[in-house]
Amino acid sequence: QVQLVESGGGLVQAGGSLRLSCVASGRTFSRYTMGWFRQAPGKEREFVAAISGSGSRSYYADSVKGRFTISRDNAENTMYLQMNSLKPEDTAVYYCAAGRFWEVRITASEFDYWGQGTQVTVSS
């Protein structure tokens, strides 16, 4: 069982930056592919970024490519999402997720564990 806790959300103006963190419990963090997803009001949960267990491979949604960077520190059981050049359309609740597989995947239903989410609001 893995418990995930996100932090770092908040209110920021368009063009600003935020860094989200996701801390995981347990001793096998490096065995999980980790991902960030987001859900805006009235919309489906969508993929943002994912990173392999070793951190050597990552993948991004087209909407955030070049602006967001996913990373992880396996020694600290922590994953990060650095978000730059934020846009109002980035406003959503951001969730971290862990999946018991080696490859990078982007489908929410394939991830096994989820955090409670952290709100990101970008004002215009």
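Here the closest non-hydrogen pair linking Ser58 and Ile70 is CB-CG2, 3.7 Å. Closest non-hydrogen pair, Thr118 versus Gly9, comes out as OG1-N, 3.2 Å. When every heavy atom of Leu20 is checked against every heavy atom of Met83, the shortest pair comes out as CG-CE, 3.7 Å. A pairwise comparison of heavy atoms in Trp36 and Leu81 identifies NE1-CB, 3.4 Å as the closest pair. Among all heavy-atom pairs drawn from Ile51 and Val104, the shortest one is C-CG2, 4.2 Å. Annotation for Cys22 and Met34: closest pair SG-CE, 4.2 Å, computed over non-hydrogen atoms.
Asp73 CG to Ser30 OG: the interatomic distance, rounded to the nearest 0.5 Å, is 11.5 Å. Summarising the geometry, atom OG1 belonging to Thr33 is positioned 10.5 Å from atom CE belonging to Met79; distances are rounded to the nearest 0.5 Å. Distance check, rounded to the nearest 0.5 Å: OG of Ser71 to CZ of Arg19 gives 7.0 Å.
Asn74 contributes no side-chain N or O that, together with a main-chain N or O of Phe29, makes up a donor-acceptor pair within less than 3.5 Å. Side-chain atoms of Ser56 do not come within 3.5 Å of backbone N or O of Ser54 as any donor-acceptor pair. Although no hydrogens or angles enter the test, the distance criterion places a donor-acceptor pair under 3.5 Å between the side chain of Glu6 and the main chain of Gln116.
Applying the side-chain hydrogen bond (donor to acceptor under 3.5 Å, both in side chains) rule to Ser17 yields the partners Asn84; only residues at least two apart in sequence or on another chain are considered. Legend: residues meeting side-chain hydrogen bond (donor to acceptor under 3.5 Å, both in side chains) with Tyr32, ordered by chain and number and at least two apart, are absent.
The pair Lys65-Asp62 meets the salt-bridge criterion, since a charged nitrogen lies less than 4.0 angstrom from a carboxylate oxygen.
For the side-chain contact (heavy atoms from CB on, under 4.5 Å) with Ile106, the lone residue among Tyr60, Phe37, Phe47, Phe111 that qualifies is Phe47.
Ring geometry, Tyr95 versus Trp114: the interplanar angle exceeds 60°, so the pair is classed perpendicular (tilted spans 30 to 60°). Ring-plane geometry between Tyr94 and Phe68 is classed as tilted, the angle between the planes lying from 30 to 60 degrees on a 0 to 90 degree scale.
Residue pairs meeting the salt bridge (Lys or Arg N to Asp or Glu O under 4.0 Å) criterion with at least one member in residues 93-110, sequence neighbours excluded, are Arg100-Asp112, Glu103-Arg105, Arg105-Glu110.
More than 12 heavy atoms of other residues, nucleotides or ligands shown are found within 6.0 angstrom of CZ on Phe101. Within a 6.0 Å radius of CD in Gln3, no more than 12 heavy atoms belonging to other residues, nucleotides or ligands are found.
Under the 4.5 Å side-chain heavy-atom criterion for Ile, Leu, Val, Met, Phe, Trp and Tyr, Tyr113 and Val48 are members of the same hydrophobic cluster. Residue Val120 is grouped with residue Leu4 when hydrophobic side chains (ILVMFWY) are merged at heavy-atom distances under 4.5 angstrom, including chains of intermediate members.
Residues Val122 and Lys87 fail the side-chain proximity criterion, which asks for heavy atoms closer than 4.5 Å. Put simply, the side chain of Gln13 does not reach to within 4.5 Å of the side chain of Leu86, judged on heavy atoms. Here the side chains of Arg67 and Asp90 are in contact, with some heavy-atom distance below 4.5 Å. Between Ser63 and Arg38, some side-chain heavy-atom pair lies under the 4.5 Å cut-off.
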